[in-house]
There are 2 protein chains.
Amino acid sequence: MQRTAAEQVYCDHEEKLARYAKALAHPIRVRILEFLGTQACCFTGQLTEEIPLAQSTISQHLKELKEAGLIQGDVMPPRVKYCINQQAMAEAEQMFFHLFQRLRHT
Amino acid sequence: MQRTAAEQVYCDHEEKLARYAKALAHPIRVRILEFLGTQACCFTGQLTEEIPLAQSTISQHLKELKEAGLIQGDVMPPRVKYCINQQAMAEAEQMFFHLFQRLRHT
DNA sequence: TGTATTGATCGGTAATTTGCGATAAACTAT
DNA sequence: ATAGTTTATCGCAAATTACCGATCAATACA
């Protein structure tokens, strides 16, 4: 992306939906979410056991999900408890649902 | 991604969902789909009028969507008519829906 | 005060993505 | 054959993403 000025190319909802989609656009992040779906919450350590990638890599993907708003992390030293952000997730679901709805049948 | 061998890290459905999500992970592609949703079908040229980006850029995003399976292009020389691939779209919707369902409430 | 634990962050490399202009390809029409 | 139309593809630069090992920060505990 090398667009500098105005930046008025897309609608808010297009940017927002794309943002959520991007958060889901890697299998490891899908898996993290699914794991959270079975656990209510989890610590980073559980994920590093579940997923055969470096701890730093997993931490980075958690950051991605957090920055997209889909999860939140509560610091419980020395650990961090991650949970799904139900509100953001509901919003994402709504947005996806509406998109698909508009695309159906045409 | 610099993983070379076995590649048995993720489940098929995780990869597939991530693949669909990636296709939706850019506002221009969301917009293209939305436009298709109002038009049933369209030619590339209509999109280059709708969207203030270079023709080559739009063509590339169409390719992205096509490679993800979400749209298909029928060549009608010298133009190409793009339509939503309803079957793939339905599959994507299903997968997203199930994911969100599993994440709800926890 | 030291030691252990947990997880974020840094620094680096490789790969991928995004954007553009220019050009090629596939036709139609003249 | 030539010219025009439409769209894909190429080649490039810049930005971003993905991954890792190493290190730092925060806290608990001995």
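Proteins get letters first, then strands, A, B, ... in listed order; numbering begins at 1 in each.
- Here disulfide (SG to SG under 2.5 Å) pairs that include residues 53-87 of chain A, with residues two or more places apart or in two chains, are Cys41(A)-Cys83(A).
- dT17(C) atom P lies 18 Å from atom CG of Leu53(B), rounded to whole Å.
- Looking at heavy-atom distances under 4.0 Å, Ser59(A) makes contact with a base.
- As rounded to whole Å, 14 Å separates atom P of dT16(C) from atom NZ of Lys63(B).
- Put simply, CG on Asp74(B) is 16 Å from C1' on dA26(C), counting in whole angstrom units.
- Within 4.0 Å of Glu64(B), counting heavy atoms only, lies no atom of the nucleic acid at all.
- OP1 and OP2 of dT17(D) both lie 4.0 Å or more from every side-chain N or O belonging to His61(A).
- Atom CZ of Arg31(B) is separated from atom P of dT18(C) by 16 Å (rounded to the nearest Å).
- Distance Phe43(B) CZ to dT28(C) P: 14 Å, rounded to the nearest Å.
- Across the protein-nucleic acid pair, Gln60(A) atom CD and dG7(C) atom P stand 16 Å apart, rounded to whole Å.
- With sequence neighbours excluded, no residue satisfies salt bridge (Lys or Arg N to Asp or Glu O under 4.0 Å) with Glu64(A).
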Pull out every protein N or O sitting under 3.5 Å from an N or O of nucleotides 21-24 of chain D, one pair per line with the distance.
residue	atom	partner	partner atom	Å
dG21(D)	N7	Ser56(A)	OG	3.3
dG21(D)	O6	Ser56(A)	OG	3.1

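- When the side-chain nitrogen and oxygen atoms of His26(A) are compared with OP1 and OP2 of dC19(D), one or more of them lie within a distance under 4.0 Å.
- With sequence neighbours excluded, no residue forms a ring-ring contact (aromatic ring centres under 6.0 Å, His included) with Phe43(A).
- Among the heavy atoms of the strands lying under 4.0 Å from Lys22(A) are primed sugar atoms or P, OP1, OP2 only; no base atom is included.
- Distance Ile58(A) CD1 to dG7(C) C1': 11 Å, rounded to the nearest Å.
- The CE-P distance, from Met76(B) to dC27(C), rounds to 13 Å in whole Å.
- The side chain to side chain donor-acceptor pair (under 3.5 Å) search around His13(B) returns Glu34(A), not counting sequence neighbours.
- Every residue two or more places apart in sequence or in another chain that forms a side chain to side chain donor-acceptor pair (under 3.5 Å) with Glu91(A) is listed here: Lys16(A), Tyr20(A).
- Looking only at distances, no side-chain donor or acceptor of Gln39(B) sits under 3.5 Å from a matching main-chain atom of Gln46(B).
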Contact string for nucleotides 25-30 of chain D, one letter per nucleotide 5' to 3', B = base within protein heavy-atom range under 4.0 Å, S = sugar-phosphate only, - = neither, reads --S---
Show which side-chain atoms of residues 70-81 of chain A pair as donor or acceptor with protein atoms under 3.5 Å away, not counting sequence neighbours.
none

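- Ion pairing between a basic and an acidic side chain is recognised when a charged N comes within 4.0 Å of a carboxylate O; Glu93(A) and Arg104(B) show such pairing.
- Every residue meeting the side-chain contact (heavy atoms from CB on, under 4.5 Å) condition with Glu67(A), not counting sequence neighbours, appears here in chain and number order: Arg19(A), Lys63(A).
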